[in-house]
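A, B, ... follow the sequence lines: proteins, then strands. Residue 1 opens every chain.
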There are 2 protein chains.
Amino acid sequence: MEENILLRQLLRERKLKATSTRLDVLAVISGYNKAIPFSEIQNSLHDFDRVTLYRTINSLMKSGIIHKASVGEKETFYAVCSSKCSSDSHNHKHIHFKCSNCKAVTCVQADSAINFAITGHTINNFEIEATGICVSCN
Amino acid sequence: MEENILLRQLLRERKLKATSTRLDVLAVISGYNKAIPFSEIQNSLHDFDRVTLYRTINSLMKSGIIHKASVGEKETFYAVCSSKCSSDSHNHKHIHFKCSNCKAVTCVQADSAINFAITGHTINNFEIEATGICVSCN
DNA sequence: ATTTTATTGCAACCTTGTTGCATTTAATGT
DNA sequence: ACATTAAATGCAACAAGGTTGCAATAAAAT
């Protein structure tokens, strides 16, 4: 369990105690470089209780540090937020992309802004989950 | 449990036995006029075993009669498919829209086709879940 | 250094969904 | 209409994912 002063600062900024659980979980998630499935977090950190991991992930989400990256699968994926996110609101304009070849889930930007309208409806927010072949597999 | 000859035909076309469970479940789902949460199906049909409902829903999905309409919630919603869907493939180009006022989930079409690209990626399929205010609440 | 307050671990629990097996029901052919 | 066949149902049991209450512990504030 190595100390990461930056992660510690990040937690304190969001008014969260910089406990070793949080530092470790955050290190695993941010070191993964793509959306990480819950089971992968568990495997990397088998010294922590399952409940503690759930609670840690929940507080990281509430604080706008990480977010869920669902891709219609049973298993939940998590990824670090952009700096735009806060305790109050998650603000993602990206797409959750699942590669059907390597199975990796990543947060990617569309080449240009996505806009659409639905007659009579006011659209406040939307999420896109896409599947296909990622850069590495192409 | 009233007989619906049309639903019976629909089931038989898709090579499914027209059992009373299926006729009832289908009547409830199609009569709901928007995506229906699983609990609502259960409440309407408390005489059937939970397992039977799950199995019924699964076979209706496999046959392309209904589909899941997820909106990032814990609870699963279901809606009837367009006639384009078959046992082989679900083919939806619609958006799953959740009204933050009345909480209803509906399948709606965008006013114009939605297209986007991600550099280096091949996009094979995508799903959009939107939240906002629906027609009735506007 | 002590107090305060949040976090952890544990056990227990809930919900959602699935499986195996014996029983029942719908469709098919006669 | 009747027997046969193949699929669907109910039940019990289970598994995965996630939550809650509470006592013990660790971090932050004084």
Side-chain angles (χ1 to χ4, degrees), chain A residues 1 3-5 7-28 35-43 45-63 65-78 87 105, chain B residues 1 3-28 35-43 45-63 65-78 87:
Chain A
M1 173 182 56
E3 278 301 317
N4 185 323
I5 191 76
L7 295 184
R8 178 177 290 274
Q9 280 174 4
L10 175 59
L11 289 171
R12 292 276 61 210
E13 275 166 20
R14 308 295 173 110
K15 309 282 186 213
L16 292 177
K17 282 188 179 178
T19 65
S20 60
T21 311
R22 289 186 181 144
L23 289 167
D24 284 9
V25 168
L26 205 42
V28 167
I36 186 173
F38 181 78
S39 63
E40 192 67 33
I41 302 177
Q42 262 188 314
N43 291 342
L45 300 168
H46 27 58
D47 288 343
F48 295 108
D49 191 82
R50 206 167 56 91
V51 176
T52 302
L53 292 183
Y54 279 119
R55 283 200 270 228
T56 302
I57 286 170
N58 279 335
S59 48
L60 293 178
M61 283 199 295
K62 281 202 200 103
S63 311
I65 297 176
I66 66 174
H67 66 277
K68 269 191 192 173
S70 357
V71 282
E73 311 239 336
K74 329 95 205 96
E75 185 157 27
T76 309
F77 287 67
Y78 301 95
S87 315
V105 176
Chain B
M1 173 181 60
E3 277 301 317
N4 185 322
I5 191 75
L6 290 171
L7 296 183
R8 180 177 288 275
Q9 279 174 3
L10 174 60
L11 288 170
R12 293 275 58 211
E13 275 166 22
R14 308 294 174 109
K15 310 282 186 213
L16 291 178
K17 280 189 181 179
T19 64
S20 60
T21 312
R22 287 186 182 146
L23 289 167
D24 284 9
V25 168
L26 205 41
V28 167
I36 187 173
F38 181 77
S39 62
E40 192 66 32
I41 302 176
Q42 261 188 314
N43 291 342
L45 301 168
H46 27 62
D47 288 344
F48 295 108
D49 191 83
R50 210 166 53 89
V51 176
T52 303
L53 292 183
Y54 280 118
R55 282 200 270 228
T56 301
I57 286 169
N58 279 336
S59 48
L60 293 178
M61 283 198 294
K62 280 200 200 106
S63 312
I65 297 176
I66 64 173
H67 66 278
K68 270 189 192 174
S70 357
V71 282
E73 310 240 336
K74 328 94 205 100
E75 186 157 25
T76 308
F77 286 66
Y78 301 94
S87 314

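The separation between A/Glu75 atom CD and C/dG17 atom C1' is 16 Å, rounded to whole Å. Rounded to whole angstrom, the span from the CZ atom of B/Phe38 across to the C1' atom of C/dG17 amounts to 9 Å. The nearest whole Å value for the distance from the CE atom in B/Met61 to the C1' atom in C/dT18 is 13 Å. If you take CZ of B/Phe77 and P of C/dT16, they are 12 Å apart, rounded to a whole angstrom.
Under the rule for a side-chain contact (heavy atoms from CB on, under 4.5 Å), the partners of B/Ser70 that lie at least two apart in sequence or sit in another chain are B/Glu129. For B/Glu73, the salt bridge (Lys or Arg N to Asp or Glu O under 4.0 Å) criterion is met by B/Lys98, not counting sequence neighbours. Judged as a side-chain contact (heavy atoms from CB on, under 4.5 Å), and not counting sequence neighbours, the contacts of B/Ala27 are B/Leu7. Remark: A/Glu40 pairs with no residue by the side-chain hydrogen bond (donor to acceptor under 3.5 Å, both in side chains) rule, at least two apart or across chains. Under the side-chain hydrogen bond (donor to acceptor under 3.5 Å, both in side chains) criterion, A/Gln42 pairs with no residue at all, not counting sequence neighbours. In terms of the side-chain hydrogen bond (donor to acceptor under 3.5 Å, both in side chains) criterion, residue partners of A/Glu75 (sequence neighbours excluded) are, by chain and number, A/Ser39. Scored by the side-chain contact (heavy atoms from CB on, under 4.5 Å) test, B/Arg55 finds B/Val51 as partners (sequence neighbours excluded).
The minimum heavy-atom distance between A/Asn4 and A/Leu23, with the atom names listed, is O-CD2, 4.1 Å. Across all their heavy atoms, A/Leu16 and A/Ser59 have their closest contact at CD1-O, 4.0 Å.
On the nucleic acid side, DNA chain D contacts chain B at distances under 4.0 Å to non-hydrogen atoms, with the end points of that region at D/dA6 to D/dA12.
Ring orientation note: the planes of A/Phe38 and A/Tyr78 are nearly perpendicular, at an angle over 60° on the 30°/60° scale.
Considering only heavy atoms from C-beta on, A/Ile65 comes within 4.5 Å of A/Leu11 through its side chain.
Between the two ends of the helix from C/dA1-D/dT30 to C/dT30-D/dA1, each summarised by a five-pair axis, the helix axis turns through 40° (rounded to 10 degrees).
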(message) For a quick check, with a 4.0 angstrom heavy-atom cut-off, what is the B/S/- contact string for nucleotides 5-14 of chain C, read 5' to 3'?
(response) BBSBBBB---
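Nearest-nucleotide positions on DNA chain C for B/Thr76 and B/Ala18 put B/Thr76 closer to the 5' end.
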